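Since this is a predicted model, take the numbers as computed values, not measurements. Only this structure's heavy atoms are used, side chains among them; waters, hydrogens and symmetry mates stay out. Numbers restart at 1 for each chain; the letters A, B, ... are given by sequence-line order, proteins then strands.
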Amino acid sequence: MSDAAAAPNYKKTLNLPQTDFAMKANLVQNEPASIKRWGEGDLYGRLRSLGADRKRWVFHDGPPYANGSIHLGHVLNKTLKDIVVRSRTMMGFDVPYVPGWDCHGLPIEHKVMADLIESGKVEKLNALEPDARRMAIRRACLDYAMKQVKLQRGQMERLLTIADYDNPYLTTQPSYEAGVLEILAELVEQDLVYRALKPVHWSIANETALADAELEYMDREDLSVYVDFEAADAGAVYAAFGVDDVARDERELHATPSFMIWTTTPWTLPANCAVAVHERTEYALARIDGNITVLATNLVEAIAKIGKAEDVEVLATAPGKALLGLRYRHPFVTDVPACGLGRELDTAKTWSIVAADYVTTEDGTGLVHTAPGHGQDDYNTGVREGIPVYCPVQGDGTYDQTVPAWLRGMDIWKANEEITRHLTESGHLYHAQRFSHSYPHDWRSKTPVIFRCTEQWFVAVDKPTRHEGKTLRRLALDAMERVEFIPAWGRNRLRGMLESRPDWCISRQRTWGVAIPAFETPEGETFMTAASVRAVREVVREKGSDAWFQMSPADLLARYAPHDGPAPDPTTLTKGYDILDVWFESGSSWNGAMRARSDGADFPMEVYLEGSDQHRGWFQSSLLCALGMTGRPPYKSVLTHGFMVDKDGKKLSKSKGDTVEDLFKKYGADVVRWWVASLSYEGEMKVDDEFFKLAGESYRKVRNTVRFMLSNLSDFDPNRDRPEAPHPASLDAWILGEYELVASDVIEAYEQYDTKAAHHHLYNFCNDALSAVYLAAVKDRLYCDRADSPRRRQTQAALYDVADGLCRLIAPILCHTADEAWRALRGIDAGDARTSVHAEKFIHSFHTKRDQAWPSVFKAREAALVALERRRAAGGLDNALDAGLVVPDPADDLSRFDPTDLADLHGVSRFRVDQSAKEVLAEDLREEPYGFARCDRSWRRDGTVRQRSDGGALCDRCADAMGV
RNA sequence: GGGCCUAUAGCUCAGUCGGCUAGAGCGCACCCCUGAUAAGGGUGAGGUCACAGGUUCGAGUCCUGUUAGGCCCA
């Protein structure tokens, strides 16, 4: 009975772990096999066919823009969506998921035009008739967009997302375009669509409006002028500064004050209609070399210096708020036409002081020259205040006939000098100087662009709709109360934007999009009614939006029925060439994609899930479109996520870091998804190579845990070997109970879209409950018991159930690994593409009965492990199997448990309960007077160890297993 | 400049209605095992809860301000 005796090598007699499920995941190679298998087995189609008796839960994909490779933002968004879709499916819902792409719009047109210019084809193009030219551009755009869709689709599939990729919705599909025009018709019918002026960047050289992407900012030197606008009512100005008539007399303030403005575009002065101040800025009534003028207090000194003034005095100060409503006289204009289509004008406000919060005192005078026809800010102010949106500049850069005679027909750049000279002569000019600044230029002609008002189409948000007579804004604000926002602050954010948003400008002067089907009569009247839009819609439904560019007005209106109302003779009409804002298109997806495919059944959708930038974009455009047509919001819930930042929390630079494809190659999609699931997506998320490495390590922990379970089930057949339900005090009952707790936590987390919590619970279950506790404890019986011992089979049954349940729980996140593991567990043939964990439901419970005293066991265990560690540190007792534990049990909780189970739970050879003990005693079994020998096979110390017939020293259990 | 949001251990995150000594995991240190082995296990050290005020018997939590950062506007 000596430990040192040469004993047979028992390793081969153990039931050691065995599995084909590799420790090394090799995701880069194996994930594509899963994708292929899911495709061959038509997983998406099969999930739909499962859905016959399931409740439908419709997820609606926001369409990414079809341009370029997907980036980390797409990875985040698509992974979160996929986790939602897969988890809701496994909860037992029918969750269709139609992916979409936003295919129209400027970025694509821009790219295509740049390519055409580069390849020299643009000359040929320009020689074509306008419609033929537009069609040539459109064909090139469509071609480009389809390539991008194909590229992105492949990358999204590589991310292991499941969707109806063979049947996506594209904003270029005729049926989709018809759905867009349907909404437009509904809005037109309610008289919500109107035409009005709006400032745009305008290229004089090309006589066209430009988009932001077509601008290049270059330095330019302009004449900047400080101009005095004479007050219309001197007394009112003094009063605003608290200087009453008595005080004026006393201080001999008889001069008429002026308001001093500053501008770098003197050519816009003829269009001046107001002066803006900031309500909270302090303004001074100052005397500068005899002239009394109003300007921001903290700029008085600097401006006096610029004009080389010698005598400067601040007479009084007042907040900007006090100046509001004061009138002034334009230095050379006496009449402004009442222009500003679509809005009532308040002519009394022309040439008065108004408030604007963009006014600063960083440069200028603190009083901002406001020409609503020539600037975005100015325009917004003009619209808000009801002052004219006056634009006397024509497309060729010359003034029209509404300006003073000396300016008519003059080129605006020449006018800069002329106006300055005129102001000098009339005594309105305080100072003029050259000023160098960054100024937008036309990217093609390299000439400076101007802001100029053009006619655009708008959707009114403050006009009554047919839905209880409420305005779109009112409907939208009301809807905020009914929609669920995750996180909740999304509601406030959207509400704030809805409260302050202007009417929606839905037109663009472009080619790549759905044309606004407006006609013009020979008299210059616009013809667009609900019926005419619907007539065109029917043509578009069949032939696509190309029809607008290919067909005559008469053919486009062929479906226009007489009872639709009087219409102009179609043969006299000409077509308009504005296209719809792409946000109007994507905002119609609930109709053009989802309702169209379900006969109207899939509305409203359960959830929209996009980045927080979409509060301004898709969440809002979808909401307005849906409310306008149906009176209802298109979604029940809005879920938003934040953006990626670098490891220091700074904005992510586009050029830095790995591409998405690099990530798939370096880590595999499951690791990337595991990382995404761990993020606090509601805020900013830090991204760095280091985090993917960490995610890889924690992924491996999960994978190894699953692998260990699988490897101990190689000889287990659940149909053949499953015993009765485990005893409540057994380890197996404990782990099944733990599984049920984690399943409940994880499923609840999925329900609440809390991927981080799901990730956390899953990882901790693998790491703690399984790896550190249960699997460590049951190793001995799995390895050393007779293969078919009831105790071993009991544990295998628990392992099988837990592995089965766990594979399902991780499936929405680790969709490749889960399927691979689950198939290994079930022994599914590699060629069988029709079986997948993703078609299964979550397992909530095994109806396990657990002993109430388990918490006491783990409380005692904590103390016992500390005692054991102390004993080890004291020296001589390194191997826990040489140790025994004597544990106090004052409440008599532990006696119901099997001492062997408890010993296994602590990794020791013997566990004894002593009700009277005060503290845990870790004893060295080698010092036992009776001699606790070590079993050569199980390495445990046990009173039953004896020399056996095969020459080894074995415990009874091992002797039985060996049959000796 | 405005709206919305974020800040807790070296890192990623919990922390409910304001209430015991602020918790996990990773990492780190030390140790064990060598029959999960490019694995597994144990113990331990880490925090002025961004900063400054305020409310309260009591504040990580509520209020105000500041700083840093993000999204959207301007």
- Message: Counting primed atoms plus P, OP1 and OP2 as sugar-phosphate and everything else as base, spell out the protein contacts along nucleotides 60-65 of chain B at 4.0 Å heavy-atom distance: B, S or - for each nucleotide, 5' to 3'.
- Response: ------

- Nucleic acid footprint by protein, nucleotides 26-33 of chain B - heavy-atom cut-off 4.0 Å, B for base, S for sugar-phosphate alone: SS----SS

- Query: When the P atoms of B:U34 and B:C51 are considered, how many whole Å apart are they?
  - Reply: 48 Å

- Query: Could A:Asp689 and A:Lys666 be called an ion pair, given the rule that one side-chain N must be under 4.0 Å from one carboxylate O?
  - Reply: yes

- Counting any heavy atom closer than 4.0 Å, what does A:Lys24 reach on the DNA or RNA strands: base, sugar-phosphate only, or nothing? nothing

- From B:G42, B:G25, B:U43, nucleotide with atom closest to A:Ala772 side chain: B:G42

- Message: Parallel, tilted or perpendicular: which one describes the rings of A:Trp618 and A:Tyr608, with boundaries at 30° and 60°?
- Response: parallel

- Message: Go nucleotide by nucleotide along RNA chain B from the 5' end; which of A:Arg861 and A:Thr705 gets its closest nucleotide reached first?
- Response: A:Thr705

- Message: Counting the atoms with a prime plus P, OP1 and OP2 as sugar-phosphate, which does A:Ala776 contact under 4.0 Å by heavy atoms, base, sugar-phosphate, or nothing?
- Response: nothing

- In whole angstroms, how far is the P atom of B:C4 from the CD atom of A:Gln614? 20 Å

- Item | Short N-O contact, A:Asp715 and A:Arg792, less than 4.0 angstrom | yes

- hbond_proxy A:Ser771 side chain to B:A36 base (donor-acceptor, 3.5 Å cutoff): yes

- Closest heavy-atom contact between A:Ile735 and A:Ala798? CG2-CB, 4.2 Å

- Counting any heavy atom closer than 4.0 Å, what does A:Lys647 reach on the DNA or RNA strands: base, sugar-phosphate only, or nothing? nothing

- Query: Rounded to whole angstrom units, what separation is found between the NE2 atom of A:His641 and the P atom of B:C5?
  - Reply: 18 Å

- Syn or anti conformation of B:G46, syn meaning chi within 90° of 0: syn

- Task: Give the ring-plane orientation class for A:His615 versus A:Trp489, where under 30° counts as parallel, over 60° as perpendicular and anything between as tilted.
- Result: tilted

- So, is the end of the A:Arg926 side chain (NZ or CZ) under 6.0 Å from the ring centre of A:Phe932 and within 45° of the ring's axis? no

- Task: Would you mind checking if A:Glu869 and A:Arg872 are paired as a salt bridge, meaning a charged N to carboxylate O distance below 4.0 Å?
- Result: yes

- Message: Students often get this wrong, so: under 4.0 angstrom with heavy atoms, is A:Asp613 touching a base, only sugar-phosphate, or nothing?
- Response: sugar-phosphate

- Within the modelled atom types, does a donor on one side and an acceptor on the other bring the side chain of A:Arg616 and the base of B:C71 under 3.5 Å apart? no

